[in-house]
Amino acid sequence: MTLTPLTKRRISQFKANKRGYWSLWLFLFLFFIALGAEFISNDKPILVNYDGGFYFPTYVNYAETTFGGDFETEAEYRDPFVQDLINEKGWILWPPIRYSYDTINYNLPQPAPSPPTADNWLGTDDQGRDVTARVIYGFRLSVMFGLALTFISSVIGVAAGAVQGYYGGRLDLVMQRGIEVWASMPSLYILIIFSSIFIPGFWTLLFILLLFSWVQLVDVVRAEFLRARNFDYVRAARALGVSNPVIMWRHVLPNAMVATITFMPFILTGSITALTSLDFLGLGLPPGSPSLGELLAQGKNNLQAPWLGIAAFASLALMLTLLTFIGEAVRDAFDPRKTTL
């Protein structure tokens with residue numbers, strides 16, 4: 001695919017911002033690792049070879065009897081008895097960290113929360129769960145939640161702003177007054193009320209936060225459509241009989257997306273922060289979920305275990321800082337006033 005000169009200039013400007021450019025690669029590297037969290041941190045082996053056959057416990061549940069045991073229930077691979085059964089006729093390939101986000105370590109050197117050791121690299125929380133595993137899974141969950149919320153809210157916000165800006169008139173007036181009223185409501189208190197009413201979950205929280213996050217792009221897109229709807233090429237398209245939806249999609253929206261894309265990294269950071277805040281208050285994801293906000297709350301409640309707060313703060317600070325630097329680089333890339341040397 002041949003890149004246009006404008007696209008090449010934007011890529012060149014993005015690369016010129018070294019801080020944002022390397023932040024993007026570092027973030028993608030961390031996100032790629034987090035996507036394969038089951039192969040990095042898990043209480044199940046990656047691969048088991050037993051009696052000439054290969055088994056994948058990460059994806060398939062195998063009964064203990066599969067490996068010569070006595071019970072029909074799922075094999076407990078951390079049990080030395082099960083490990084001995086497998087090693088008699090095969091071998092086990094373990095991930096680097098033999099804990100999942102909900103695995104409880106019953107062999108701690110001291111009562112939980114226990115400090116970092118060679119077995120638990122970042123220590124354990126107040127329930128004996130490995131902090132490293134919870135950080136890895138929590139990073140993935142936070143980014144996936146933020147990406148989903150950013151994408152859906154952007155689609156709704158762009159659609160609403162496009163309709164307002166393109167058609168204008170009374171429709172724009174009514175929608176704008178309604179959005180102003182909705183945006184002026186105390187969103188945090190409403191989020192807390194909704195979170196206490198509904199059963200917490202990934203999709204429930206996504207819906208609750210979506211109620212307020214979609215308005216962030218409306219004003220930007222509306223302004224772009226108001227500016228572009230009277231351009232000559234738009235009038236020419238109307239004169240040729242092109243329908244309004246086609247004009248909005250093909251001719252006006254590409255110009256409006258320039259401003260929209262520059263805002264997306266910052267919307268993503270806001271989405272992650274909102275989820276973390278609700279989890280910190282105990283109104284977010286269900287108990288036991290790999291949540292960085294819940295880990296922060298544990299750090300606040302266990303000041304004698306500083307590794308909890310440090311691990312949560314460091315992971316959140318790194319994630320949000322990288323996204324902010326990426327957002328600044330994207331903003332510079334789409335800024336027509338900036339040129340590369």
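This is a predicted model, so every value here is computed, not measured.
- No side-chain N or O of Asn301 forms a donor-acceptor pair with one of Asp126 less than 3.5 Å apart.
- In this structure, Arg78 forms a cation-pi arrangement with Tyr99, its terminal cationic atom sitting closer than 6.0 Å to the ring centre and no more than 45° off the ring axis.
- No donor-acceptor pair closer than 3.5 Å links the side chain of Ser114 to the backbone N or O of Pro111.
- By the 4.5 Å heavy-atom criterion applied to side chains, Gln298 and Pro113 are not counted as neighbours.
- In the displayed structure, Met185 atom CE is contacted under 6.0 Å by more than 12 heavy atoms of other residues, nucleotides or ligands.
- Between Tyr77 and Arg98 there is no side-chain heavy-atom pair separated by less than 4.5 Å.
- Formation of a donor-acceptor pair under 3.5 Å by the Gln13 side chain with backbone atoms of Asp332 is found in this model.
- No chain of hydrophobic side-chain contacts below 4.5 Å, direct or via other Ile, Leu, Val, Met, Phe, Trp or Tyr residues, connects Val163 to Leu226.
- When all heavy atoms of Pro95 and Ser41 are compared, the closest pair comes out as CB-N, 4.3 Å.
- Residue Asp70 holds its CG atom at 5.5 Å from CZ of Phe81, rounded to the nearest 0.5 Å.
- Tyr55 places none of its side-chain heavy atoms less than 4.5 Å from the side chain of Val60.
- Taking both residues in full, the closest heavy atoms of Val143 and Ile272 are given as CA-CD1, 4.4 Å, listed atom of the first, atom of the second, then distance.
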Stepwise side chain to side chain contact (heavy atoms under 4.5 Å, CB included) test for Val221 and Thr260 | CA-CA 7 Å; Val221 178; Thr260 302; 3.5 Å; yes
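- Within 6.0 Å of CG on Asn230 lie more than 12 heavy atoms contributed by other residues, nucleotides or ligands.
- Counting heavy atoms from C-beta outward, Tyr50 and Ile92 have side chains that stay 4.5 Å or more apart.
- Under the 3.5 Å distance criterion, the side-chain polar atoms of Ser184 are matched with a main-chain donor or acceptor of Val181.
- The shortest non-hydrogen separation linking Ala63 to Glu72 is CB-O, 3.3 Å.
- A heavy-atom distance below 4.5 Å is found between the side chains of Leu275 and Leu205.
- At least one donor-acceptor pair closer than 3.5 Å links the side chain of Asn17 to the backbone N or O of Gly20.
- Residues Leu285 and Leu141 are in side-chain contact: their nearest non-hydrogen atoms beyond the backbone lie under 4.5 Å apart.
- Side-chain atoms of Thr58 come within 3.5 Å of backbone atoms of Pro45 as a donor-acceptor pair (strictly under, hydrogens ignored).
- A side-chain donor-acceptor contact under 3.5 Å links Thr269 to the backbone of Phe266.
- The environment of CZ in Phe67 is crowded: more than 12 heavy-atom neighbours from other residues, nucleotides or ligands sit within 6.0 Å.
- The hydrophobic cluster containing Leu30 does not contain Phe325, counting ILVMFWY residues as joined when their side-chain heavy atoms lie under 4.5 angstrom apart, directly or transitively.
- Note: Phe263 CZ to Ser154 OG = 11.0 Å, rounded to the nearest 0.5 Å.
- Heavy atoms of other residues, nucleotides or ligands lying less than 6.0 angstrom from CZ of Arg238 number more than 12.
- Taking OG from Ser153 and CE from Met264, the interatomic distance works out to 8.0 Å, rounded to the nearest 0.5 Å.
- The environment of Arg177 atom CZ is dense: over 12 non-hydrogen atoms of other residues, nucleotides or ligands sit within 6.0 angstrom.
- If you take CG on Asn105 and CG on Asp119, they are separated by 5.5 Å, rounding to the nearest 0.5 Å.
- The closest side-chain heavy-atom distance from Leu147 to Leu268 is below 4.5 Å.
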Show which side-chain atoms of residues 209-219 pair as donor or acceptor with protein atoms under 3.5 Å away, not counting sequence neighbours.
{"unit_1": "Ser213", "atom_1": "OG", "unit_2": "Leu209", "atom_2": "O", "d": "3.2"}
{"unit_1": "Trp214", "atom_1": "NE1", "unit_2": "Leu211", "atom_2": "O", "d": "2.9"}
{"unit_1": "Gln216", "atom_1": "NE2", "unit_2": "Ser213", "atom_2": "O", "d": "3.2"}
{"unit_1": "Asp219", "atom_1": "OD1", "unit_2": "Gln176", "atom_2": "NE2", "d": "3.4"}

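- In this structure, the side chain of Ser315 engages the main chain of Ala311 through a donor-acceptor pair within 3.5 Å.
- In this structure, Arg134 contributes its side chain and Tyr101 its backbone to a donor-acceptor pair below 3.5 Å.
- At a threshold of 4.5 Å between side-chain heavy atoms, the hydrophobic network of Ile, Leu, Val, Met, Phe, Trp and Tyr places Leu149 and Phe151 in one connected group.
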Run the numbers on Glu38 and Tyr59 for side chain to side chain contact (heavy atoms under 4.5 Å, CB included), then give the verdict.
-> CA-CA 9 Å; Glu38 287 80 7; Tyr59 297 105; over 6 Å; no
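- In Phe71, the CZ atom is not crowded: 12 or fewer heavy atoms of neighbouring residues, nucleotides or ligands sit closer than 6.0 Å.
- At distances below 3.5 Å, at least one donor-acceptor pair connects side-chain atoms of Thr324 with backbone N or O atoms of Leu320.
- When all heavy atoms of Val48 and Pro57 are compared, the closest pair comes out as CG2-CG, 3.7 Å.
- Applying the 6.0 Å contact sphere to OH of Tyr233 captures more than 12 heavy atoms from other residues, nucleotides or ligands.
- Under a hydrophobic-cluster definition in which Ile, Leu, Val, Met, Phe, Trp and Tyr are linked whenever side-chain heavy atoms come within less than 4.5 Å, directly or via other members, Ile40 and Phe32 are assigned to different clusters.
- One finds the CH2 atom of Trp203 at 14.0 Å from the CD1 atom of Ile208 (value rounded to the nearest 0.5 Å).
- Hydrophobic cluster of Leu122: the remaining members, joined at side-chain heavy-atom separations below 4.5 Å, are Val131, Val135, Leu295, Trp307, Leu308, listed by chain and number.
- Taking the six-membered ring for Trp and thresholds of 30 and 60 degrees, Trp25 and Tyr21 have ring planes more than 60 degrees apart, a perpendicular arrangement.
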Side chain to side chain contact (heavy atoms under 4.5 Å, CB included) assessment of Asn120 paired with Thr117 = CA-CA 5 Å; Asn120 302 110; Thr117 62; 3.9 Å; yes
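- A continuous path of ILVMFWY side-chain contacts below 4.5 Å connects Leu292 to Leu296, so both sit in one hydrophobic cluster.
- In this structure, the ring pair (Phe, Tyr, Trp, His ring centres under 6.0 Å) partners of Phe145, at least two apart in sequence or on a different chain, are Phe202.
- Summarising the geometry, atom OG1 belonging to Thr66 is positioned 10.5 Å from atom CG belonging to Asn61; distances are rounded to the nearest 0.5 Å.
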Can you list the steps and then say if Tyr167 with Asp172 is a side chain to side chain contact (heavy atoms under 4.5 Å, CB included)?
-> CA-CA 7 Å; Tyr167 291 101; Asp172 178 36; over 6 Å; no
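- Residues Ile136 and Ala37 come closest through the heavy atom pair CG2-CB, 3.8 Å.
- With Arg140 contributing its side chain and Leu35 its backbone, the two residues share a donor-acceptor pair below 3.5 Å.
- Among all heavy-atom pairs drawn from Ile179 and Gln164, the shortest one is CD1-OE1, 3.0 Å.
- Phe231 places none of its side-chain heavy atoms less than 4.5 Å from the side chain of Val252.
- Crowding of Trp91 atom CH2: a count of heavy atoms from other residues, nucleotides or ligands under 6.0 Å exceeding 12.
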